[in-house]
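Just below is one structure, and these are the notes that go with it.
All ligand and atom numbering here is 1-based and tracks the order in the structure.
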Amino acid sequence: MTHPRYPPIIQGGMGVGVSGWRLARAVSSRGQIGVVSGVALDVVLARRLQLGDPGGHMRRALAAFPDSRLTERIVDRYFIAGGKPPGQPFAAKPMVGHNPSRRAQALLVAANFAEVFLAKEGHHGQVGINYLHKIQAPLLASLYGAMLAGVDIVIVGAGIPLEIPEIIDRLRRSGPADMKLHVQGQKNGRTHRLSFDPRAVLDSPRPRLPRPLFFPIASSVTLAALLVRKCRGGVDGLIIEEPTAGGHNAPPRGRQKLDSVGEPIYGPRDQIDLAAIRALGVPFWLAGSFGNPEKLLEARAAGAAGVQVGTLFAFCEESGLRQDLKREVIRQCQHEPPHVFTDPVASPTGFPFKILSVEGTLSDPEAYARRGRQCDLGYLREAYERPDGELGWRCRAEHPDQYVRKGGRLEDTIGRKCLCNGLTANIGMAQIRGDREPEMALLTCGDDLGDIQRVSGCGKTHYSSSQVIDFLLSRTA
Ligand SMILES: Cc1cc2nc3c(=O)[nH]c(=O)nc-3n(C[C@H](O)[C@H](O)[C@H](O)COP(=O)(O)O)c2cc1C
C-alpha cells in the first residue's frame, strides 16, 4: 500500500556533491524525494565559481538570495570567468570552527541556499537536504541557508540529532539558535555550545520561514525510539539504515570484532526489529541494499513507506561524480562489480566507512602512502579542550605529528584517510598541491552493486535517474 502522504523513493543524500542539485531536481521532478547533500557545500560553491560556473547556475541562484550584498561579495571573491587555469590551486576557504567569521557563515548560508534553490526549480516535488550530525560546526548556518530556500525535508544522520527540531523552530523565525558541541578531553564538566544568529549575517533576515519536515537517520530501534520520544518539535519520518549502505555506517553493537579481512562483524544484535520500528507510528524508509523493485515490495510489506536508495543513483548521469569514475564503475559492473571494503578506521570520525576499490584512487595503498597528510578543509575535525581551557580543533587524518602536538594519541591516526579532500576530488574539484600530486579521488558506495547492470542494461556505461526510478517502481502497482 502506498503511504498516503509520501512517495516511496527517497534518493540518498550523498556527499560531497554526489547528490547535488541536478540529481535532486531530476528525482523530485518525477514525484519522488530528491535530496541534496548538505556536506561541504561552502567549498563546493567556492570551487564551482572558480571553475567558471558553467551555465551560470550558481550565479543565478545567488541572485535570488535575499541579501544581494552578501552574495556579490562571494562572487567577487571566488568567481573566475572562463575558469581557473587547470594547474592553479583552488583558493583556500576558511575552515569552520566554533567561532566562524561572518564571511565563513555567509558562504555557508549562501551555498546551502543555492543548492536547494536550484534543486527546487521548475517542479512542485519535495526536496530534502542531508547533513551529518558529526559535522557540527557548519550545521546551524547551513540549515538556515537551506530553510531560506524553502527546503522541504531535513535529513540528519551520523549522530543523535535530538536538538534539530528545536533549532529548526528557532531558525524559522530567523532567531538565534545554538547546539551542544561535542568536545574531547573536557574537564570540569564545562559544556561548549555552537551558536548562530541570522541577524548577525544577513542585513534583513526574513521574519518567518516555512517549517521543513525532520527525518533523522537511525540504525537501531533504541536510537529511533529515543528520537521519536525525546525530540521536542517531533520526528516526521525515519530513515532506517542497515550497515550495507554506502558512506559511513553505524558501528556494530558491543565490542568491535573484525573478520579475517579486517571488516567489522555485524551480528544478530545489529538486526533491526521492523515490528518495533512500525510500532513507533512514524512513516519510515529502509536504506542499505534496498535498491531494487523486489526490495521495495519487501519494505512495503514490512510497513515501510518506501526505501532510500543511494548507490544506484550515485553512478547515474545526473550525479555529481566525475564522468570517468562513473563509466569505469559501470563498466566493471558489467563483468564483476568492484570490491567494496568496510574500512573500520579510514574515517577520522571513527565510524566504519565503505571504500570502493578502483585503480587510480586512494583505495590503492601505494597512492594512500604517497599522499602527504595535511588538513585544509577540516569538516571531520574534532573539537578538544586545550590545557588553558580554550577550544582547539584536530583531525585524526592530519599529519600525525600535529595531531599528537594537539594532545591526540598517535594510535588514533593510523590508517585514517582524508575524506574531505578525497570526496571533493570525486566530483572534479581536486586540490592542486604545488609540486606534489593533485588530491586523489576516494569512492564510496554500498555493498550491493549488483543492480547497476540491471538498470543500465547489457554493455551500456550510462543510465539516467529516471531509469533508476522506473526500475525501482517496475513491480509496484
Ligand atoms: C556515494 C555515496 C555517498 C554517501 N554519502 C552520504 C552522506 O554524506 N551522508 C549520509 O547520511 N549518507 C550518505 N550515503 C548513504 C545514502 O544516503 C543512503 O542511505 C545509502 O546509500 C542507501 O544504501 P545503498 O547505498 O545500498 O543504496 C552515501 C551513499 C553513497 C553511495
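- Annotation: cation-pi geometry satisfied between Lys417 and Tyr368 (NZ/CZ under 6.0 angstrom from ring centroid, within 45° of ring axis).
- Salt-bridge formation is not detected for the pair Glu115/Arg22: no Lys NZ or Arg NE/NH1/NH2 atom is positioned less than 4.0 Å from an Asp or Glu carboxylate oxygen.
- Of the protein's heavy atoms, Met14 CB, 3.4 Å lies nearest to atom 3 (C) of ligand 1.
- Of the protein's non-hydrogen atoms, Asn130 OD1, 3.2 Å is the one closest to atom 11 (O) of ligand 1.
- A donor and an acceptor atom, one from each side chain of Tyr6 and Asp236, are nowhere located under 3.5 Å apart.
- For Val309, no nitrogen or oxygen atom sits less than 3.5 Å from a nitrogen or oxygen atom of ligand 1, counting backbone and side chain alike.
- In this structure, atom 8 (O) of ligand 1 lies nearest to the protein heavy atom Gly15 N, 3.2 Å.
- Interface atoms of ligand 1 facing Gln308, defined by a heavy-atom separation under 4.0 Å, are 17 (O), 18 (C), 19 (O), 22 (C).
- Any N or O atom pair closer than 3.5 Å counts here, and Thr444 shares no such pair with ligand 1.
- Considering Ala287, Gly246, Ala314 only, the shortest heavy-atom separation from atom 14 (N) of ligand 1 involves Gly246.
- When non-hydrogen atoms are compared, ligand 1 lies under 4.0 Å from neither the backbone nor the side chain of Leu443.
- A salt bridge is defined here as a Lys NZ or Arg NE, NH1 or NH2 lying under 4.0 Å from an Asp or Glu carboxylate O, and Glu382 with Arg396 meets this definition.
- Under a 4.0 Å criterion applied to the non-hydrogen atoms of Gly12, ligand 1 contributes the atoms 17 (O).
- The heavy atom nearest to atom 26 (O) of ligand 1, out of those in Ser19, Ser289, Ala40, Gly247, is found in Ser289.
- At a heavy-atom cutoff of 4.0 Å, ligand 1 is contacted by no atom of Val16, backbone or side chain.
- Salt bridge present: Arg371 and Glu439 bring a charged side-chain N and a carboxylate O closer than 4.0 Å.
- At a 4.0 Å heavy-atom cut-off, ligand 1 touches Ile217 through the side chain alone.
- When all heavy atoms of Ala141 and Gln105 are compared, the pair lying nearest together is CB-O, 4.1 Å.
- Against a heavy-atom cut-off of under 4.0 Å, Leu132 is close to the following atoms of ligand 1: 9 (N), 10 (C), 11 (O).
- Taking the six-membered ring wherever Trp is involved, the centroid distance between the rings of Phe117 and Trp21 does not fall below 6.0 Å.
- Closest to atom 25 (O) of ligand 1 among all protein heavy atoms lies Thr311 OG1, 2.5 Å.
- Side chains of Gln332 and Glu336: no donor on one and acceptor on the other come within 3.5 Å.
- For Glu241, every heavy-atom contact with ligand 1 shorter than 4.0 Å involves the side chain, none the backbone.
- At under 3.5 Å, not a single nitrogen or oxygen of Ala245, backbone or side chain, sits near a nitrogen or oxygen of ligand 1.
- Asn421 and Asp376 form a side-chain donor-acceptor contact under 3.5 Å, judged by distance and modelled atom types alone.
- Protein heavy atom at the shortest distance from atom 21 (O) of ligand 1 is Gly310 CA, 3.2 Å.
- The option from Ser319, Ser37, Cys445 that lies nearest to atom 31 (C) of ligand 1, judged by heavy atoms, is Cys445.
- For ligand 1, the polar-atom distance check against Tyr131 finds no nitrogen or oxygen pair separated by under 3.5 Å.
- Side chains of Gln334 and Ser456: a donor on one and an acceptor on the other come within 3.5 Å.
- For atom 17 (O) of ligand 1, the closest non-hydrogen atom on the protein side is Gly13 O, 3.1 Å.
- Interface of Gly288 with ligand 1, defined as ligand atoms under 4.0 Å from a residue heavy atom, comprises 22 (C), 23 (O), 26 (O).
- Lys354 and Thr342 share a donor-acceptor pair across their side chains, judged by distance under 3.5 Å alone.
- Under the 30°/60° scheme for interplanar angles, the aromatic rings of His98 and Trp393 are found to lie parallel.
- At least one cation-pi condition fails for Arg47 and Tyr78: the charged atom is not both under 6.0 angstrom from the six-membered ring centre and inside a 45 degree cone around its axis.
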